[in-house]
Every structure is written in structure tokens, then in C-alpha cells.
Amino acid sequence: MLQVNFLRQNRDLAKQKLAVKHFPNVDLVDEVIAIDDERKQLQAAFDETQTKVNAASKEIGGFMAKGEKDHAEALKTNVAAWKKLLEPLKEQMAEVEANLLKTIVQFPNLPHDMVPLGKTPEENEVVKEAGTTQQLPAGALPHWDLIKKYNLVDFETGAKITGSGFPLYIGKGAKFQRVLTQYFLDFNTAAGYTEYLPPFMVNAASAFATGQLPDKEGQMYHATEDDFYLIPTAEVPVTNVFRDVVLKDTDLPIQMTAYSPCFRREAGSFGKDVRGLNRVHQFEKVEIIQIVHPDKSDEVLNEMVAHVENLLISLGLQYRILRLCGGDMGFASAITYDFEVYSAAQERWLEVSSVSNFQAYQTYRMKCRFKDAEGKIQFAHSLNGSSLALPRIYAAIVENYQTENGIALPKVLQPYFGASELV
RNA sequence: AGAGAGGUGUCCGAGUGGUUUAAGGAGCACGCUUGGAAAGCGUGUAUACGGCAACGUAUCGGGGGUUCGAAUCCCUUCCUCUCUGCCA
């Protein structure tokens, strides 16, 4: 959520930045400031009258104590008149404040200066490409054929149990999931992240704080009986650890990592590129999240990108790093780097991680602040990234490590798996 | 799930309608004192919004209500604890 005061002080800059994100209605900036002006006027008027009411009430208390009932009664008449004025003011204020919130949540975060101007995924900037394309054996298969051939994942039975997009992992296929999760968590904690295992359902307040509500309600599974939402990512419960918290500057940076299943309805997503594990309703992911001093978030973003890069290198995969253009970035992000791994069998790049700096966009919304060295309260910056999302990395490893009669394993995973090959 | 007891500041804790402007204590910060420290004494110590400021307004788990006036009374909701039930 953007701050009105920032918009007020940087009106033109904000409009310019919103245009980079291809926000269709930049004049909403003026609208929001006008609404805020109205709110200020109302509050001033309200406070003025409420002050009189409070003072008079205190006086009445004094009169009552002294037994001067006549004076008290006279004052009560005044108060009654003021209160009549307050009622419509109160209503207007509630209305204006609701309108302000409703309007301001429509703004996406402003993009960082480094964000490229483009609109479509093709205009993302490739900042790095590394690794070599695997030489696959003749007759190499895409992962959806491989997992069937070796009975690692059964989509049909998953569909019977629940519905399409809920894979059932079997035997070594299930163990491989567990091994990947464990390896990722170990890799993250070795770099200083603290491991969390959060609830997999959240309440509406948490979903609002990270921006899933009110807009993306349809993307989450909703347990209506208790009004809980199944998490679309561990980012939601873990970031909410620090909702409504005032930290000390010495608490920063906070580095968290968490494994969780992720539930996404993917409503409205259909068509190509959704075969096999490329897009599912339930998948597993290990997330890294940091809450940092505002001066440090640029630097920390680079560290997180390097961290994920090292993880991919350790898996021996060909990868590239993209800096997303304004039109392809997420709503809450100021700058995002996507990691893609090359699938030689599908002959395409698969997104396996997305690392973003949200600056104060989330922390303002969820009131996560810290007291700086001077004792001033400031909003912290939040960042997160996948490290890593399982099904696609699963698919990439299975495809890229396939041999003529089996599937090999990256070296780092072999001790975890207790074998030198998957099958 | 049922019955009961609770939720007050950084923490403990008093407060059942009106100088509460949330007592008191602890902690923390600064000052005095000291050779230095402890003790002692003094001062300060929540957040948000409005205002150039003085200051004002709101907040005692959340929301709503009664009243001239609510931490206090009423309704509702969430959470914690105890007992009972059920359960891996």
C-alpha cells in the first residue's frame, strides 16, 4: 500500500512511476489526495467539537460532585446540541476513510529506477545466463512422460482423490520431494535464515496484510465455516509474524525461511504451458523472507539473488536471471528478479524462483515498523523469494538428469537421497 | 464441543460510571551523587491521526451500544487459561 503523504509530496514522480507499471489511471493520485484533504477537514471539525464535549463532560462531573445539579443540567443541553453535530461528521469520516482505503489499495507499488520499461514478458531484461545445455540421450522425454514411465507422480489418482492439479507423489517420487525440501531448507539456514514452520491456513487479517485480500480473493481456497484461507505461499503466514509489531533497529535484518505447501485456485488460467508439473493447484515451496532497514533493501535484494543463484548452481542446472519489466512485475513489488531453468526436453525456460523487494509496500500495509537509532519510528522494508519452488525444479531435474535407462541426481542431493540416482 | 475464569503500557499489576491527566512497582534511558560501581535521589519512558506550534482527537484484545461522561455497564466477536468431552 502506498502512503498518501508520499504521493502528496511526490505527485509527478508517482505518476511517472505508475506509468512504468502501466497503471491505467494515474489521475487516481490526484483523487486520493483530494479524498485525504477531505478527511483532514473532517477530522479537524470533529476534533474541535469533540474537545468541547469532553471539556463540558468534565465540568458536569465537577458540578455533580458539588451537588450543583442546575448547572449540570444546563451544560447537558449544550452537549446534546454538539453531539447532534458530531453524528453526521462521524458518519462522513467513516465513509471517507473507507473510500480512501479502497482507493489507495488500488495502487501497485512504484517500480525501482532499475526496472525496464516494457509491458510483456518478452521485454524482461536477461541480466545473466549461465550453465550449459544438457546433452540428453536420444528419445529424451518431457517430465510428464518420465514421471509416468517411472511411476513417480500420478495425476489421475490425484484427480480422483481431489481434482485436477493435485498430484499424488509415489515412492521415490515422494521421497524426492522430501529430499529437495530438506536440502533447500538446509541451504537457507546455513546462510543465516531461521527456519519457520507456519500455519497453512490464515485468517482474513493476515491475507489482507500481504495483499491477497481484498483483490485476489478468488485465487485462494477459502474454508468458509471458519473463514480461513489456505495459503498460496508461505510468504503470507511468515511475513505476518511481524504484523503490528514495532521492532528495534538491532533486531534487523530478520531472515526467515519456511517450507509450506501452496494452494492456488489458478482461476482463469488455462491453455498452453500447463502440462504436468508446470502448473498445479497444490505444490510445495521453500521461501526466504527478510525484513530489513530501508537503507539496506537494495543490497539485501542482491544478496538474495546471489543466494538463489548459488542454489541453482549447486544443482548443476542451466539458468538465467531476468529483471522483470514494469508490465510483467507483481503488484506489490518494486523490483523483481525471476530465475528460469532451461528444460532441454521441453525446449523452454521454466520459472523456478522469483525474488522481490517490496520496500515499504507490505510493511506499511501491515504496520511493521522499527525504532531507528534516533528513536524515530520507521517502516521496515520486506523482501522475499522462492528458494525454491518444488514442482518445476523437480521437473527440470528429472528432465535434465535423465539417462537412457533412468534418472541421475545432482551430486549435492545424493547424500540426502541415499543413492546416486533417482531411479 | 460444553462449563467457568481471564485479556489494562516494554513487563508485572491496581482500577466496577466523574481530578485516572491509567495508581504503584519493575525494566530501560539520561542526570545528580561516587575514585569507579552498586545503592539512593531526580527526570523521562506507547502508538496513530490532525496542527507551523501550543496543543487537540482516538486507542485498556477487536467491533458495536447505553450515558453529559466508559478501562469500568450492555451486546457481539477473537484469543488465553482451568475443568469436562472428543481426538492423532
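Since this is a predicted model, take the numbers as computed values, not measurements. Quick note on labels: first sequence line is chain A, next is B, and so on, each numbered from 1.
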- Item | Working for side chain to side chain donor-acceptor pair (under 3.5 Å), residues T120(A) and E123(A) | CA-CA 6 Å; T120(A) 65; E123(A) 293 169 90; 3.1 Å; yes

- Message: Rounding to an integer number of angstrom, what distance separates G9(B) and G62(B) when you compare their P atoms?
- Response: 10 Å

- Query: When rounded to the nearest Å, what value does the distance between P atoms of G85(B) and G17(B) take?
  - Reply: 40 Å

- Using Watson-Crick geometry (N1-N3 plus N6-O4 or O6-N4) or G-U wobble (N1-O2, O6-N3), each under 3.5 Å, C60(B) is paired with none

- Item | P-based separation of A48(B) from A53(B) [nearest Å] | 15 Å

Which side-chain N or O atoms in residues 19-26 of chain A pair as donor and acceptor under 3.5 Å with protein atoms at least two apart or in another chain?
residue, atom, partner, partner atom, Å
K21(A), NZ, N109(A), O, 3.4
K21(A), NZ, G330(A), O, 2.7
K21(A), NZ, F331(A), O, 3.2
K21(A), NZ, S333(A), O, 2.7
H22(A), NE2, L117(A), O, 3.2
H22(A), NE2, G118(A), O, 3.0

- Query: Got a second to check how far L180(A)'s CG is from L315(A)'s CG, nearest 0.5 Å?
  - Reply: 7.5 Å

- When rounded to the nearest Å, what value does the distance between P atoms of C55(B) and U45(B) take? 13 Å

- Message: Could you tell me the Watson-Crick or G-U partner of U43(B), where both distances fall under 3.5 Å? Say none if there is no partner.
- Response: A29(B)

- Message: Tell me if the aromatic rings of Y169(A) and Y394(A) count as close, with their centers under 6.0 Å from one another.
- Response: yes

- Report the distance from atom CD of E225(A) to atom P of A1(B), rounded to the nearest whole Å. 10 Å

- Residue pair K76(A)/K367(A) against RNA chain B: nearer the 5' end by closest nucleotide is K367(A)

- So which nucleotide does G4(B) pair with, by the Watson-Crick or G-U wobble rule with both distances under 3.5 Å? C81(B)

- Choose from C68(B), U57(B), U47(B) the nucleotide whose nearest atom is closest to any side-chain atom of S57(A). C68(B)

- Item | Whole angstrom value for the distance that separates P of G51(B) from CG of D47(A) | 10 Å

- Message: Say we look at A70(B) and U84(B): how far apart would their P atoms be, to the nearest angstrom?
- Response: 42 Å

- Message: Looking at C49(B), I'd like to know if its phosphate oxygens (OP1 or OP2) sit under 4.0 Å from a side-chain N or O belonging to R39(A).
- Response: no

- Distance-only side-chain donor-acceptor flag, E287(A) / S386(A), under 3.5 Å: no

- Message: What's the gap between U16(B) and U72(B) when it is taken at their P atoms, as a whole Å value?
- Response: 12 Å

- Query: Would H381(A) and Y361(A) count as a close aromatic pair, with their ring centres under 6.0 Å?
  - Reply: no

- Item | R369(A), nearest nucleotide to its side chain (from G18(B), U47(B), C49(B)) | U47(B)

- Kindly assign one of parallel, tilted or perpendicular to the pair Y193(A) and H307(A), based on the angle between their ring planes and the thresholds 30° and 60°. tilted

- Query: Which whole-number value in Å describes the distance from L100(A) CG to A48(B) P?
  - Reply: 17 Å

- Item | Whole-Å distance separating the CD atom of E97(A) from the P atom of A58(B) | 14 Å

- Task: Round to a whole Å and report the spacing from NZ of K371(A) to C1' of C28(B).
- Result: 11 Å

- Message: With nearest nucleotide decided by heavy atoms, which residue, Y364(A) or F228(A), maps closer to the 5′ end of RNA chain B?
- Response: Y364(A)

- Note on the structure: Any strand, both distances under 3.5 Å, Watson-Crick or G-U wobble: G17(B) pairs with none

- Query: Quick one: F63(A) CZ to U19(B) P, roughly how many Å, whole number?
  - Reply: 15 Å

- Note on the structure: Which of U47(B), U57(B), G18(B) is nearest the side chain of Q43(A)? It is U57(B)

- Who is the Watson-Crick or G-U wobble partner of U72(B), with both distances under 3.5 Å? none

- Query: With both distances kept under 3.5 Å, what pairs with G50(B), Watson-Crick or G-U wobble?
  - Reply: C55(B)

- Between Q50(A) and A58(B), does any side-chain N or O lie under 4.0 Å from OP1 or OP2? yes

- The Watson-Crick or G-U wobble partner of U67(B), with both key distances under 3.5 Å, is none

- Nearest-Å distance for atom pair NZ/P, residues K376(A) and U45(B): 19 Å

- Task: Please determine if a side-chain N or O atom of N54(A) lies less than 4.0 Å away from the OP1 or OP2 oxygen of G56(B).
- Result: no

- Query: When the C1' atoms of C11(B) and A3(B) are considered, how many whole Å apart are they?
  - Reply: 32 Å

- Message: Please report the distance separating the P of A29(B) from the corresponding atom of A38(B), rounded so that it comes out in whole Å.
- Response: 10 Å

- Rounded distance in Å - CG (D36(A)) to P (G50(B)): 7 Å

- Watson-Crick or G-U wobble mate for C87(B), both contacts under 3.5 Å: none

- Is the shortest side-chain N/O distance from K40(A) to OP1 or OP2 of G51(B) below 4.0 Å? yes

